[in-house]
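Structure first, then comments.
Atom set for the values below is all heavy atoms of this structure, side chains included, hydrogens, waters and symmetry mates excluded.
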Amino acid sequence: MKLSPLFAAPVLALGLIGCASMATAQMPATAKDGMLTNSAGMTLYTFDKDAAGSGKSVCNGQCAVNWPPLMAKEGDKAAGDYSVVTRDDGGKQWAYKGKPLYLWIKDQKPGDKTGDGVNNVWRVAQP
């Protein structure tokens with residue numbers, strides 16, 4: 001099937017705009033070695049007590065000191081499998097497939113995953 005030039009040009013332009021907007025979208029995490037990491041390469045975790053899709057985190061207070069939330073910046077928008085949930089303190093936190101994402105205070109360097117399985121409720125976030 002051959003497209004007329006009058007139709008093909010706008011379709012091509014829309015496709016290029018879509019690609020450009022995807023290229024500039026900031027993803028809060030990267031898949032590396034079967035796990036999700038933050039921009040510094042630190043392992044991200046999920047908490048079994050967080051209900052997927054609930055739009056909130058149940059890890060607050062001392063829990064959030066030990067398991068720092070992966071915070072979203074003002075203006076960050078949900079994209080693909082990533083969403084933004086509102087914390088009890090009003091802060092915004094990234095979630096993957098509806099599960100809020102956290103770091104573990106005891107991980108010291110990229111690739112550490114010492115939080116996996118802590119209290120049998122913390123899991124390495126997997127893509």
Checklist line | Verdict with supporting geometry, L36 and W94, side chain to side chain contact (heavy atoms under 4.5 Å, CB included) | finding: CA-CA 12 Å; L36 295 179; W94 283 108; over 6 Å; no
Any side-chain heavy atom of [X] within less than 4.5 Å of one from [Y]?
X    : Y    : answer
P28  : N38  : no
W104 : K113 : no
Y45  : V124 : yes
L44  : Y96  : no

Closest heavy-atom pair and its distance - [X], [Y]:
X    : Y    : answer
A79  : M27  : CB-CE, 3.6 Å
P100 : K56  : CG-O, 3.6 Å
D112 : K109 : OD1-NZ, 2.8 Å
S83  : A78  : CA-CB, 3.8 Å
Q126 : G34  : CG-O, 3.5 Å

Notebook entry, point to check: What is the distance from atom CG of L103 to atom OG1 of T37, rounded to the nearest 0.5 Å?
Noted result: 10.0 Å
Check whether [X] reaches the backbone of [Y] with its side chain - one donor and one acceptor, N or O, closer than 3.5 Å.
X    : Y    : answer
D89  : G91  : yes
D107 : T114 : yes
K99  : D50  : yes

Check: So if you build clusters from Ile, Leu, Val, Met, Phe, Trp, Tyr with side-chain heavy-atom gaps below 4.5 Å, do V121 and V85 land together?
Finding: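 No: no chain of side-chain contacts under 4.5 Å links V121 to V85.
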Note to self: Hydrophobic clustering (ILVMFWY, side-chain heavy atoms < 4.5 Å, transitive) - are Y102 and Y82 grouped together?
What the structure shows: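 No, no single cluster joins them.
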Next item on the list: Walk me through it: do T86 and K92 pass the test side chain to side chain contact (heavy atoms under 4.5 Å, CB included)?
Entry: CA-CA 5 Å; T86 302; K92 304 293 184 184; 2.8 Å; yes
Note to self: Can you tell me how the ring of W122 sits relative to the ring of F47, calling it parallel under 30°, perpendicular over 60° and tilted otherwise?
What the structure shows: parallel
Extract all donor-acceptor atom pairs below 3.5 Å that involve side chains of residues 60-69 and protein atoms in other chains or at least two apart in sequence.
| unit_1 | atom_1 | unit_2 | atom_2 | d |
| --- | --- | --- | --- | --- |
| N60 | OD1 | R87 | NH2 | 3.1 |
| N60 | ND2 | S57 | O | 3.3 |
| N60 | ND2 | D88 | OD2 | 3.1 |

